[in-house]
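Notes for the one structure printed next.
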Amino acid sequence: MNSILNISSYKFVPLPDAAALREQLHAWALELELKGTILLAGEGINLFLAAPEAAVRAFVDRLQQDPRFTDLAPKESWSASQPFKKMLVKVKNEIIRMDCPTIQPDFSRPDGRAPSVSAATLKRWLDQGVDDEGRPVVTLDTRNAFEVDHGTFDDAIDWRIDKFSQFPPALQAHKAELQDKTVVSFCTGGIRCEKAAILMREQGLEHVYQLEGGILKYFEETDGSHYHGSCFVFDERRTLEADLSASDLAGAKI
């Protein structure tokens, strides 16, 4: 029986009190016996948590009492066992390291996010091969090479990066290839492609979007078509299938 609720979520929002917030969230997580990781930085929050449903929902309810997190909408999946070994709450320089200080998403501003497309819209564009203006559509995988090797969208662009901080120089090397196309950047849950899409826009690529919610939201809201393989996740489940069930590395569901 899948009794463990797994959630992931992020939000770019100024957190000048990240250190104090770390102590509060750590105390709540221990009280509710959650396991996973919460990353905090001046730029926002990134979390991966798992526990029985009541405990996870109680934590999210508390977190959403903070006006900065009221609209936090975690992605959910279920597992038969706890996929994390411990509970970590850390303060970092960035919640996802890109080494581009000028790229500062901020969900609290109307213009602070990268333009996005929903899972349903991306599926429709991939079904028809072009966007709604007839422009060719390409998907750009912003994940690390070993993650891509487990699965990705059909014909996705893959620059074989080993860490996200390599994305900016890779973009410089390949930017000309993306001109005059509609580019949809994607990643596991949305956080990397959020920064990637903003950087591409700032580098002069006009028709760039991020996949809202990443691969996990695409799995949740579509039938997974146009995606082959599984999606690597950073916990003991290792990979998820298009129905969000855990699988081993050979592809057998568990």
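In this chain, numbering begins with 1 at the start of the sequence shown.
With hydrogens and angles disregarded, a donor-acceptor distance shorter than 3.5 Å links the side chain of T222 to the backbone of Y218. With hydrogens and angles ignored, the 3.5 Å screen pairs a side-chain donor or acceptor of Q128 with a backbone N or O of V130. Using modelled atom types, one side-chain atom of Q65 and one backbone atom of D61 make a donor-acceptor pair closer than 3.5 Å.
You'll find the side chain of F164 stays beyond 4.5 Å of the side chain of D99, heavy atoms only. Side-chain contact between I157 and L178 is present, with at least one heavy-atom pair separated by less than 4.5 Å. Between S77 and R237 there is a side-chain heavy-atom pair separated by less than 4.5 Å. No side-chain heavy atom of K217 sits under 4.5 Å from any side-chain heavy atom of L211. Side-chain contact check for K123 versus S225: some heavy-atom pair is nearer than 4.5 Å. M200 is listed as a side-chain neighbour of S185, based on a closest heavy-atom distance under 4.5 Å. Looking at Q203 and I198, their side chains never come closer than 4.5 Å, going by heavy atoms from C-beta outward. Looking at S108 and R68, their side chains never come closer than 4.5 Å, going by heavy atoms from C-beta outward.
The hydrophobic cluster containing F84 also includes F48, under a criterion of side-chain heavy atoms closer than 4.5 Å among ILVMFWY residues, counted directly or through chains of members. Apart from V148 itself, the hydrophobic cluster it occupies contains nothing, where clustering links Ile, Leu, Val, Met, Phe, Trp and Tyr at side-chain heavy-atom distances under 4.5 Å.
Smallest separation of non-hydrogen atoms from G189 and K75: O-NZ, 3.1 Å. In terms of heavy atoms, L47 sits closest to I45 at CD2-CD1, 4.0 Å. Minimum heavy-atom separation, C187 to G190: SG-N, 3.2 Å. Between V184 and V137, the shortest heavy-atom contact is CG2-CG1, 4.3 Å. Counting all heavy atoms, side chain and backbone alike, A55 lies closest to L32 at CB-O, 3.5 Å. Residues L216 and S8 share a closest heavy-atom pair of CD1-OG, 4.0 Å.
Tracing side-chain contacts under 4.5 Å through hydrophobic residues (I, L, V, M, F, W, Y), one never reaches V138 starting from W125; they form parts of separate clusters. Connection of I215 to F167 is not established within any shared hydrophobic cluster, with ILVMFWY side chains joined at heavy-atom distances below 4.5 Å, either directly or through further cluster members. No single ILVMFWY cluster, assembled from side-chain heavy atoms under 4.5 Å apart, contains both L34 and I4. Note on L63 and L39: separate hydrophobic clusters, where clusters join Ile, Leu, Val, Met, Phe, Trp and Tyr whose side-chain heavy atoms are under 4.5 Å apart, directly or indirectly. Cluster annotation: V117 is not connected to F107 through the hydrophobic network of ILVMFWY side chains, with a link wherever side-chain heavy atoms come within less than 4.5 Å.
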Would L205 and L171 count as a side chain to side chain contact (heavy atoms under 4.5 Å, CB included) here? Give the steps.
CA-CA 11 Å; L205 294 171; L171 173 60; 4.1 Å; yes

Side chain to side chain contact (heavy atoms under 4.5 Å, CB included) evaluation trace for F69 with V13:
CA-CA 9 Å; F69 305 126; V13 62; 4.0 Å; yes

Show your reasoning for whether side-chain hydrogen bond (donor to acceptor under 3.5 Å, both in side chains) applies to E236 and Q82.
CA-CA 8 Å; E236 292 188 358; Q82 172 60 258; over 6 Å; no

Checking V89 against M87 for the side chain to side chain contact (heavy atoms under 4.5 Å, CB included) test, could you report, in this order, the C-alpha distance in whole Å, the side-chain angles of both residues, the deciding distance, and whether it holds?
CA-CA 7 Å; V89 186; M87 184 68 236; 3.9 Å; yes

Could you go through D106 and R109, starting from their C-alpha distance and side-chain angles, then the distance that decides it, and tell me whether this counts as salt bridge (Lys or Arg N to Asp or Glu O under 4.0 Å)?
CA-CA 6 Å; D106 182 354; R109 303 194 329 263; 3.6 Å; yes

Decide yes or no on salt bridge (Lys or Arg N to Asp or Glu O under 4.0 Å) for R113 and E194, but give the supporting numbers first.
CA-CA 7 Å; R113 293 206 62 188; E194 179 96 38; 2.6 Å; yes

Please step through ring-ring contact (aromatic ring centres under 6.0 Å, His included) for the pair H226 and F153, ending with a clear verdict.
CA-CA 6 Å; H226 304 289; F153 282 98; 8.0 Å; no

Applying salt bridge (Lys or Arg N to Asp or Glu O under 4.0 Å) to K35 and D235, what does each step give before you reach the verdict?
CA-CA 11 Å; K35 292 184 179 180; D235 59 54; over 6 Å; no

Could you check Q104 against F12 for side chain to side chain contact (heavy atoms under 4.5 Å, CB included), going step by step and ending with a plain yes or no?
CA-CA 8 Å; Q104 291 284 332; F12 288 104; over 6 Å; no

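A 6.0 Å sphere centred on CG of D155 holds no more than 12 heavy atoms belonging to other residues, nucleotides or ligands. Environment of CD in Q24: crowded, with over 12 heavy atoms of neighbouring residues, nucleotides or ligands closer than 6.0 Å. Shown here is R135, whose CZ atom has more than 12 heavy atoms of other residues, nucleotides or ligands within 6.0 Å. Within a 6.0 Å sphere centred on CD of Q64, other residues, nucleotides and ligands contribute more than 12 heavy atoms. Summarising the local packing, CG of D154 is surrounded by more than 12 heavy atoms from other residues, nucleotides or ligands at distances under 6.0 Å. D180 CG: 12 or fewer foreign heavy atoms inside a 6.0 Å radius.
Residue K90 holds its NZ atom at 12.0 Å from CG of L40, rounded to the nearest 0.5 Å. Taking CG of L240 as the start and CD of E220 as the end, the distance is 12.0 Å to the nearest 0.5 Å. The OG1 atom of T182 lies 9.5 Å from the CD atom of E206; values are rounded to the nearest 0.5 Å. Between the CG atom in L122 and the OH atom in Y227 there is a gap of 12.5 Å [rounded to 0.5 Å]. A distance of 8.5 Å separates OG1 in T142 from CD in E147, rounded to the nearest 0.5 Å. Rounding to the nearest 0.5 Å gives a distance of 10.5 Å between CZ of R97 and NZ of K195.
At a cut-off of 3.5 Å, with distance as the only test, no side-chain donor of N2 or S79 sits close to an acceptor on the other residue. H26 and E23 form no side-chain donor-acceptor contact under 3.5 Å, judged by distance and modelled atom types alone.
The pair D141-R160 does not count as a salt bridge, with every side-chain nitrogen at least 4.0 angstrom from each carboxylate oxygen. Ion pairing between D71 and K11 holds under the 4.0 Å rule for side-chain N and carboxylate O.
Note: F232 and F146 meet the aromatic proximity criterion, with ring centroids under 6.0 Å apart.
Taking the salt bridge (charged side-chain N to carboxylate O under 4.0 Å, His left out) definition, one finds that E31 meets it with R62, sequence neighbours left out.
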